[in-house]
Amino acid sequence: AQKITQTQPGMFVQEKEAVTLDCTYDTSDPSYGLFWYKQPSSGEMIFLIYQGSYDQQNATEGRYSLNFQKARKSANLVISASQLGDSAMYFCAMRERNYGQNFVFGPGTRLSVLP
Amino acid sequence: GAVVSQHPSWVICKSGTSVKIECRSLDFQATTMFWYRQFPKQSLMLMATSNEGSKATYEQGVEKDKFLINHASLTLSTLTVTSAHPEDSSFYICSALTSGISGELFFGEGSRLTVL
């Protein structure tokens, strides 16, 4: 079964607008971490933001924020004031404490920012 | 943030040859590194977990003798694709885990392998 689900294969957003990329996860481990990575066409994976399962507040990093709804097992990424350089693949990932150090990645969402 | 360097970025080789890809953590010690393979328009597929000083742990379906992993130091892991064939052509990405409970995963730039 898929542990990480990203239901949006592709998304479009107008420059300067906000966009939400969906991520839902499945785990029975009470301790886990959720991550978002950006992969531009160059191929490198860029870490964006982290949310721990016990964190009380939603994580924020500059224009990135994570809408963490634990009961729904969702960890949506919100990008505010989109820029052309935000066009890339975005991957949601999870690391479960009881399953060692492996990260499980979702299928990704391709974001295209329109001028 | 932490820096992970992967080399080479691009490699083209003839079928039957072996190719070595290096993954270095430049500003931190990484006891654990991961090797991923990524096909076009797909997500990352974990191949193996590389632990410093011990044998790598391979995921199901990944041939150990085909993809040799060595993690000889706290800053270097290598992936050797032995007797490469065209079906081994892919984008290979390494990552290194920083220490701590909320250890972060930092990625190398990736290596695109093309086997002719």
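A note on names: the letters A, B, ... follow the listed sequences, proteins ahead of strands, and every chain is numbered from 1. Quick note: numbers below take in every heavy atom, side chains included, and nothing from hydrogens, waters or symmetry partners.
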In terms of hydrophobic clusters joined by side-chain contacts under 4.5 Å, are Y36(B) and F91(A) together?
-> yes
M89(A) and Y92(B): same hydrophobic cluster, using ILVMFWY side-chain contacts below 4.5 Å?
-> no
Output a table of donor-acceptor pairs, distance under 3.5 Å, between side-chain atoms of residues 105-116 of chain B and any protein atom two or more places apart or on a different chain; print 'none' if there are none.
residue, atom, partner, partner atom, Å
E109(B), OE1, Q6(B), N, 2.7
S111(B), OG, Q6(B), NE2, 3.0
S111(B), OG, P8(B), O, 2.5

Listed once per pair and sorted, the salt bridge (charged side-chain N to carboxylate O under 4.0 Å, His left out) pairs that draw on residues 65-77 of chain B, sequence neighbours left out = K66(B)-D88(B)
To the nearest 0.5 Å, tell me how far L46(B) CG sits from F105(A) CZ.
-> 9.0 Å
Measure the CG-CZ distance between L97(B) and R95(A) for me, rounded to the nearest 0.5 Å.
-> 5.0 Å
Indicate yes or no for a side-chain donor-acceptor contact from S43(B) to the backbone of G108(A) under 3.5 Å, with no hydrogens or angles considered.
-> no
Using non-hydrogen atoms and a 4.5 Å limit, figure out which bit of Q6(A) sits close to chain B: side chain, backbone, both or neither.
-> neither
